[in-house]
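Shown next, in structure tokens, is the structure this report addresses.
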Amino acid sequence: MAITQLSIFLENKPGTLHDTVKRISEAGVNIRAMTIAEVRDFGILRIIVDDVAKAMEVLQDDHIITTTEVVSAVMEDKAGALYDILQALEAANVNIEYMYAYTGEVTGSANVVFRVDDIEGAEAKLREAGVEVL
Amino acid sequence: MTNYYQKEIETAPREEILKIQNEKIRKQVKHVYENVPYYRNLMEEKGLTPDDIQSVDDIKKLPFLSKADLRDSYPYGMLGVDLKDCVRIHSTSGTTGKRVVAFYTQNDIDLWNECCARAIVAAGGNEDDVCQVCYGYGLFTGGLGLDGGSHKVGCLTLPMSSGNTDRQIQFMMDLGATIICCTPSYAAFIGESLAERGYKPEDNKLKAGIFGAEPWTEEMRRSIEKSLGIKAYDIYGLTETSGPGVAYECEEQTGMHINEDHFYAEIIDPDTGEVLPEGSKGELVFTALDKEAFPLLRYRTRDICVLTREKCSCGRTHVKMCKPMGRSDDMLIIRGVNVFPSQIETVLLNEGYTPNYQIEIGRKNNTDTLDIYVEADPAKISDKIADIQDMEAGLASAMRTMLGIGPKIHLVPPKTITRSEGKAVRVIDNRKLHD
């Protein structure tokens with residue numbers, strides 16, 4: 001099952017990230033994972049949170065915010081773990097738009113988030129390869 | 001020593017100029033009444049016939065013309081002669097919606113070129129000079145206007161047109177240009193480019209520059225004069241009245257002499273239309289006294305300015321106008337191009353955006369910058385950087401097509417455009433154009 005990522009468009013100027021995170025913080029929403037992709041004039045803050053609906057509620061009024069379904073796979077903390085996952089996706093001919101990782105709930109593991117063009121295909125192939133999908 | 005192109009008229013006593021104006025206006029009103037039905041209707045609405053206009057004092061009775069009239073009568077509605085007698089058009093930069101097409105007979109061009117020749121001679125030009133014209137050639141009046149003036153004076157004319165700075169500098173240095181005509185911001189840019197190439201101000205042969213088509217400050221003038229080692233002269237005009245050369249500066253550099261034998265100037269209250277006494281600040285209105293093909297009477301320029309008849313040390317007797325101090329409408333002049341905020345709004349709507357935007361104009365390296373901030377619709381935004389960049393590039397391209405200049409587009413989140421008292425601030429001009 002895919003998980004929902006929030007993508008928040010941020011102008012590249014002082015204070016924007018601060019204000020956005022403050023809002024999430026005040027709503028008591030936990031940010032489980034985050035990454036920022038940036039170009040010269042703007043950035044996109046991508047976050048995985050524990051309460052998507054609540055985060056949307058406090059942000060959507062004055063933010064450009066989109067929800068994106070992403071694949072999150074559990075990866076062991078050992079050499080070659082990412083390669084195994086990528087091999088599975090490669091075999092399914094899935095294109096990865098971007099990816100990032102965050103610490104998993106189980107010690108010794110990480111969660112890898114993939115934005116892909118074929119979520120169902122990716123997830124099926126990962127499970128087939130014995131990878132745990134969140 | 002002051003030189004003149006047409007000394008007799010340029011230094012004519014006031015009463016002589018007035019006499020010429022009175023003769024010309026009687027003839028011109030008759031010409032317009034008989035040949036331009038659009039204006040004849042406006043006159044008839046006011047119960048006027050040519051007999052009511054016997055002197056320039058009667059001009060205030062005549063109806064105004066504005067850009068809206070030119071749009072309504074586009075393209076041929078203001079034409080005062082048969083097309084077979086027209087030899088050229090020029091057009092304002094800008095968009096289809098606001099574009100003005102002006103027509104010229106050969107005589108119109110000759111008189112206009114003479115006006116430009118007066119400007120060149122007032123800047124110290126003569127037949128020994130090499131005059132580099134780097135205003136755009138084509139529909140824009142700048143290039144061909146100064147080109148024609150340069151020919152009349154007998155300068156060796158370098159018809160460079162705008163852009164290609166490397167080539168400009170090469171010709172300037174190799175051929176020893178002594179006079180340069182362009183926008184002030186381009187002059188400043190050339191000055192910087194020369195310095196970058198290791199040239200000192202005394203390395204070029206330039207002595208004078210004739211700069212117009214966009215607002216500039218005294219501070220900018222001094223800086224250009226220093227970087228090019230020249231004296232910088234202001235020139236004024238608009239396509240509707242012919243082009244540059246309606247008014248020009250002399251060596252005193254304290255305002256531009258209006259060529260009053262061809263143009264009658266008034267200052268009006270932009271709200272009431274009432275003519276204001278000499279020395280008042282108000283909107284500049286021109287009546288072309290002898291134009292044949294595009295004979296506009298009482299055309300509202302929307303430029304705010306002051307006229308003065310104080311005696312000028314150059315000996316010229318024609319009234320002087322100050323640099324325009326602003327606009328009575330919302331037109332912006334950016335890189336010499338006329339831009340209306342409404343045009344930007346039109347593009348946004350055409351491209352599927354909401355008209356929540358802000359224009360920020362600045363000046364970087366002496367070139368105007370145009371940044372447009374647009375509130376984006378969250379529903380249309382992708383989470384991928386490349387998609388957003390494509391959206392910005394697409395909008396920038398549509399803007400360039402409409403405006404004639406390319407802006408930098410910034411998509412911003414909804415409700416983030418600054419609003420004061422609930423009303424969005426549409427234009428922020430950081431250029432400090434008016435002293």
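Just so we're on the same page: letters track the sequence lines, and every chain starts at 1.
Dense packing is recorded around OH of A:Y100, with more than 12 heavy atoms of other residues, nucleotides or ligands lying under 6.0 Å away. Around the CG atom of A:N93, the shell of radius 6.0 Å holds no more than 12 heavy atoms that belong to other residues, nucleotides or ligands. Within 6.0 Å of CD on A:E69 lie more than 12 heavy atoms contributed by other residues, nucleotides or ligands. Counting non-hydrogen atoms of other residues, nucleotides and ligands closer than 6.0 Å to CD of A:E90 gives a total of 12 or fewer. Heavy atoms from other residues, nucleotides or ligands lying under 6.0 Å from CD of B:E214 number more than 12. Around the CZ atom of B:F189, the shell of radius 6.0 Å holds no more than 12 heavy atoms that belong to other residues, nucleotides or ligands.
Residue A:Q60: no heavy atom, backbone or side chain, is found under 4.5 Å from chain B. Contacts between B:K408 and chain A at a heavy-atom distance below 4.5 Å involve the side chain alone, from C-beta outward.
Of the listed residues (A:I65, A:T16, A:D61), the one with the most heavy-atom contacts under 4.5 Å to chain B is A:D61. Contact count against chain B (heavy-atom pairs under 4.5 Å) is highest for A:I44 among A:I44, A:I8, A:L6, A:L10.
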Quiz item: How far apart are the C-alpha atoms of B:I385 and A:F42, what are their side-chain angles, what is the distance that settles it, and do they pass the side-chain contact (heavy atoms from CB on, under 4.5 Å) test?
Solution: CA-CA 9 Å; B:I385 296 266; A:F42 64 88; 4.0 Å; yes

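The shortest non-hydrogen separation linking A:F9 to B:V412 is CE2-CA, 4.0 Å. Nearest heavy-atom pair, B:D383 versus A:T66, reported as atom, atom and distance to 0.1 Å: CB-OG1, 3.8 Å. Summarising the geometry of A:R46 relative to B:K384, their closest heavy-atom pair is NH2-CA, 4.1 Å, with the distance given to 0.1 Å.
How far CD1 of B:I381 is from NE2 of A:H63: 13.5 Å, rounded to the nearest 0.5 Å. A:I64 CD1 to B:S382 OG: the interatomic distance, rounded to the nearest 0.5 Å, is 11.5 Å.
Looking only at side-chain heavy atoms (C-beta outward), B:I388 and A:V39 stay at 4.5 Å or farther from each other.
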